[in-house]
Chemist: 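Provided herewith is a single structure, encoded as structure tokens, for subsequent inquiry.
Read the numbers this way: they start at 1 and go in the same order the structure lists the ligands and their atoms.
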Amino acid sequence: MSDTPHNQKLFIETVGCQMNMLDSELVVAALRKEGYQLTSEPADADTILFNTCSVREHAEHKIYSALGRLRFSKRGRPNQVIGVIGCMAQKDQELIFQRAPHVDMVVGTGQLAQIPEMIKAAREKREHRLAISLDRRDATRQEISDSFQSYDPLRDPEMRPSPYQAFVRIMIGCDKFCTYCVVPMTRGPEQSRPPRDILREVTQLANEGVKEVTLLGQTVNSYKVTQDGKLWRLSDLIMAMHDTPGLDRIKFVTNYPKDMTDDLLEVVRDMPKVARYLHVPAQSGCNEILKRMKRGYTVEDYRDMMQRINDIVPGCAVSSDFIVGFCGETDEQFQKSMGLIREFRFKNSFIFKYSPRPGTKADDLLADDIPEAVKRERNNLMLDLQNEISEEDNVAFIGTEQEVLVEGPSKTSLKHETDPDSPATQLVGRTRCDRIVVFEGNRRLIGSLTKIEIHDLTRTSLIGHIVTHEVQHGSAPSLLPILG
Ligand code: SAH
Ligand code: SF4
Ligand code: F3S
């Protein structure tokens, strides 16, 4: 019998964005404290958790299919607990039990702290357990906000996928209500975490050896908190954490174009540990479509923002997201998005086919009238254009020397399981402008800033070698403004 957590095995599958990756890390850490061990085999697991995403239908299908496969295997394991947690739990609620009655618990993004107790309870008494937040139409803003609790327990260094990199949540929720998007429903109202909690977490992470933090928020540059009578913006928060000893790099995602203020760009320019990289999704290059999406800006506004980025932080890399085949998108309108990619030459773009989401304005009011084949074709055309541009612009890096934060062995070297003691293995890291660099080096370099000379390219990465005259370990130089 496996009644005590000490011999419990946990399997967790995570889909979706960085928020979900962080949530899973924290949930696993909490369960490990209770004595659970991770397994990569669902068949061996006493507890199976799916941390889910609802942003596109495909992500939900994946989870419902996985749940379907478990229906029969559970019959042979009456003690097994199956939980659906995260965004789809908040969105589909009871519907999950209807579609998959063998699921024991459904836990929304605002109730993740309850998971250890809920698993115990599920094992003691078999019944469907549901813990979710209020719907956004069902109560006052304050009541809804209170029902979405940010889940940020003490960090457990053993649970991080990389000892040198960590996500730090600075906000939850979103209030922009783009017409296609489910996130304001699944993550609740926008709420910024207090600076003192964030700064304490960053210091703790740096003390544990973390070199790079990525600050997370759905619209991270909308961060705003008044603490002890002082207003904190994202720029203030970054300044306050910048000199944390041991920390080498600070990134933040995802930016909202309208909230890209000069104070933030000046911090990116002046503070040496801040990545010169901004992910600012445009979604479309056509004003009618942007309006239909209720994005809150025009192409001209986006262009002004790009101009300010280039004026204040020359050479800053910018990446974007695009949705193709949104309701009523004509070929001409699609070509305007292609034009935007040509004009701004993004470092990379994430491209998505529009997927209607129940409960959103677009799904209620607009017809999903672009055939799947057209969406697919537009997606491929856009991907080809973006790849061509990324590759062309990467050529400019050949012959340059880049400061790379070394992240770990490359995928290829992991596949071939090179001898960990061998002097050189294929490593991967990122430049300050977030470009991927692959090079040969000793594993001891992992977690350090290393100078790499770029001599070649692949479609997605720069290829380089270590600059032998100067190898730099450890922290970035102290606060020297880079004037550019
Ligand atoms: N908060 C971020 C993005 C959140 S979702 C922002 O505002 O930029 C990540 C990306 O998924 C979005 O940028 C958008 O491009 C895409 N996306 C969101 N809803 C979608 C939908 N219904 N269909 C297709 N793509 C979608
Ligand atoms: Fe969704 Fe728009 Fe909010 Fe991003 S800003 S999470 S796309 S509603
Ligand atoms: Fe998906 Fe939720 Fe993230 S819907 S994209 S996991 S916020």
Chemist: Check the side chains of Thr14 and Asn20 for a donor-acceptor pair under 3.5 angstrom, ignoring hydrogens and angles.
Modeler: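 Not at all, the side chains of Asn20 and Thr14 share no donor-acceptor pair under 3.5 Å.
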
Chemist: Decide, yes or no, whether a salt bridge links Lys224 with Asp259 under the criterion of side-chain N to carboxylate O below 4.0 Å.
Modeler: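 Looking at Lys224 and Asp259, the cut-off is not met.
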
Chemist: Classify the contact between Tyr180 and ligand 1 as side chain, backbone, both or neither, using a heavy-atom distance cut-off of under 4.0 Å.
Modeler: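 The answer is both, backbone and side chain.
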
Chemist: Please report the shortest heavy-atom distance between Glu329 and Ile323, naming the atom on each side.
Modeler: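 Scanning both residues completely, I find the closest heavy atoms to be OE2-O, 4.1 Å.
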
Chemist: If we count only N and O atoms by modelled type, under 3.5 Å, do the side chains of Gln142 and Asp146 hold a donor and an acceptor together?
Modeler: yes

Chemist: Hey, is Asp104 close enough to Lys74 for a salt bridge, meaning N to O under 4.0 Å?
Modeler: yes

Chemist: Using heavy atoms and a threshold below 4.0 Å, how should the contact between Glu57 and ligand 1 be classified: side chain, backbone, both, or neither?
Modeler: neither

Chemist: Looking only at protein heavy atoms, which one is nearest to atom 8 (O) of ligand 1, and what is the separation?
Modeler: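 In this structure, atom 8 (O) of ligand 1 has Pro281 CG, 3.1 Å as its nearest protein heavy atom.
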
Chemist: Near Arg357, which atoms of ligand 1 are under 4.0 Å from a heavy atom of that residue?
Modeler: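 Near Arg357, meaning under 4.0 Å from one of its heavy atoms, ligand 1 has 22 (N).
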
Chemist: Show which atoms of ligand 2 fall inside a sub-4.0 Å distance from at least one heavy-atom site of Arg295.
Modeler: 2 (Fe), 5 (S), 7 (S)

Chemist: Heavy-atom pairs closer than 4.0 Å: do any link ligand 1 to the side chain of Val55, the backbone, both, or neither?
Modeler: both

Chemist: Just checking, is any N or O donor in the side chain of Gln8 or Arg123 under 3.5 Å from an acceptor N or O on the other one?
Modeler: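 Checked: Gln8/Arg123 side chains pair up, N/O donor to acceptor below 3.5 Å.
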
Chemist: For the residue pair Phe326 and Tyr354, does the interplanar ring angle fall in the parallel (under 30°), tilted (30 to 60°) or perpendicular (over 60°) class?
Modeler: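 Perpendicular.
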
Chemist: Should Lys9 and Glu41 count as an ion pair when the cut-off is N to O under 4.0 Å?
Modeler: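 Not counted as a salt bridge, because no side-chain N and carboxylate O are separated by less than 4.0 Å.
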
Chemist: Classify the side-chain pair Ser390/Asn387 by whether it contains a donor and acceptor separated by less than 3.5 Å.
Modeler: no

Chemist: For ligand 1, which atoms have a heavy atom of Thr254 less than 4.0 angstrom away?
Modeler: 2 (C), 6 (C), 8 (O)

Chemist: Counting only heavy atoms closer than 4.0 Å, does ligand 2 sit against the backbone of Thr219, its side chain, both, or neither?
Modeler: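 Only the side chain of Thr219 comes within reach of ligand 2.
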
Chemist: Do the numbers put Arg435 on top of the ring of Phe397, so that NZ or CZ is under 6.0 Å from the six-membered ring centre and no more than 45° off the axis?
Modeler: no

Chemist: In this structure, which one of Gln90, Glu60, Lys91 forms a side chain to side chain donor-acceptor pair (under 3.5 Å) with Ser54?
Modeler: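 Single side chain to side chain donor-acceptor pair (under 3.5 Å) partner of Ser54 among Gln90, Glu60, Lys91: Glu60.
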
Chemist: If the threshold is 4.0 Å, N to carboxylate O, is there a salt bridge linking Arg32 and Asp156?
Modeler: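 The answer is no: the pair does not qualify as a salt bridge.
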
Chemist: Among the protein atoms near atom 1 (Fe) of ligand 2, how many are N, O or S and lie under 2.8 Å away?
Modeler: 1

Chemist: Considering only non-hydrogen protein atoms, determine which one is nearest to atom 24 (C) of ligand 1 and report residue, atom name and distance to 0.1 Å.
Modeler: Lys353 O, 3.3 Å

Chemist: Can you tell me the protein heavy atom closest to atom 14 (C) of ligand 1 and the distance?
Modeler: Gln283 OE1, 3.4 Å

Chemist: Side chains of Gln227 and Asp236 only: does a donor on one sit below 3.5 Å from an acceptor on the other?
Modeler: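 Looking only at side-chain atoms, Asp236 and Gln227 do not form any donor-acceptor pair under 3.5 Å.
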
Chemist: Around atom 4 (S) of ligand 3, find the nearest protein heavy atom and jot down its residue, atom name and distance.
Modeler: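 Heavy-atom neighbour on the protein nearest atom 4 (S) of ligand 3: Ser54 N, 3.3 Å.
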
Chemist: For atom 17 (N) of ligand 1, what is the closest protein heavy atom, and at what distance to 0.1 Å?
Modeler: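 That would be Arg56 NH1, 3.5 Å.
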
Chemist: Note the single closest protein heavy atom to atom 13 (O) of ligand 1, along with its residue, its atom name and the distance in Å.
Modeler: Asp321 OD2, 2.6 Å

Chemist: Distance check, rounded to the nearest 0.5 Å: Leu237 atom CG versus Leu199 atom CG?
Modeler: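 Separation between the atoms: 5.5 Å.
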
Chemist: Could you establish whether Arg187 and ligand 2 come within less than 4.0 Å of each other, counting only heavy atoms on the residue side?
Modeler: no

Chemist: Between the side chains of Glu212 and Arg430, is the shortest nitrogen-to-carboxylate-oxygen separation below 4.0 Å, so that they form an ion pair?
Modeler: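 Here Arg430 does not pair with Glu212 in a salt bridge, since their nearest N and O are not under 4.0 Å apart.
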
Chemist: Which of the numbered atoms in ligand 1 are below 4.0 angstrom from a heavy atom of Arg295?
Modeler: 7 (O)

Chemist: Residue-level breakdown please: for Ser355 versus ligand 1, do any non-hydrogen atoms fall below 4.0 Å on the side chain, on the backbone, on both, or on neither?
Modeler: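 Both backbone and side chain.
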
Chemist: To the nearest 0.5 Å, how far apart are CG in Leu340 and CD in Gln283?
Modeler: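 Result: 11.0 Å between the selected atoms.
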
Chemist: With the side chain counted from C-beta on, respond yes when Val280 and Met306 share a heavy-atom pair under 4.5 Å apart, and no when they do not.
Modeler: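 SC-SC contact between Val280 and Met306 ruled out.
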
Chemist: Counting no waters, what protein N/O/S atoms lie under 2.8 Å from atom 3 (Fe) of ligand 3?
Modeler: Cys17 SG

Chemist: Under 4.0 Å, heavy atoms only, figure out whether ligand 1 is touched by the backbone of Gln218, its side chain, both or neither.
Modeler: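 Both of them.
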
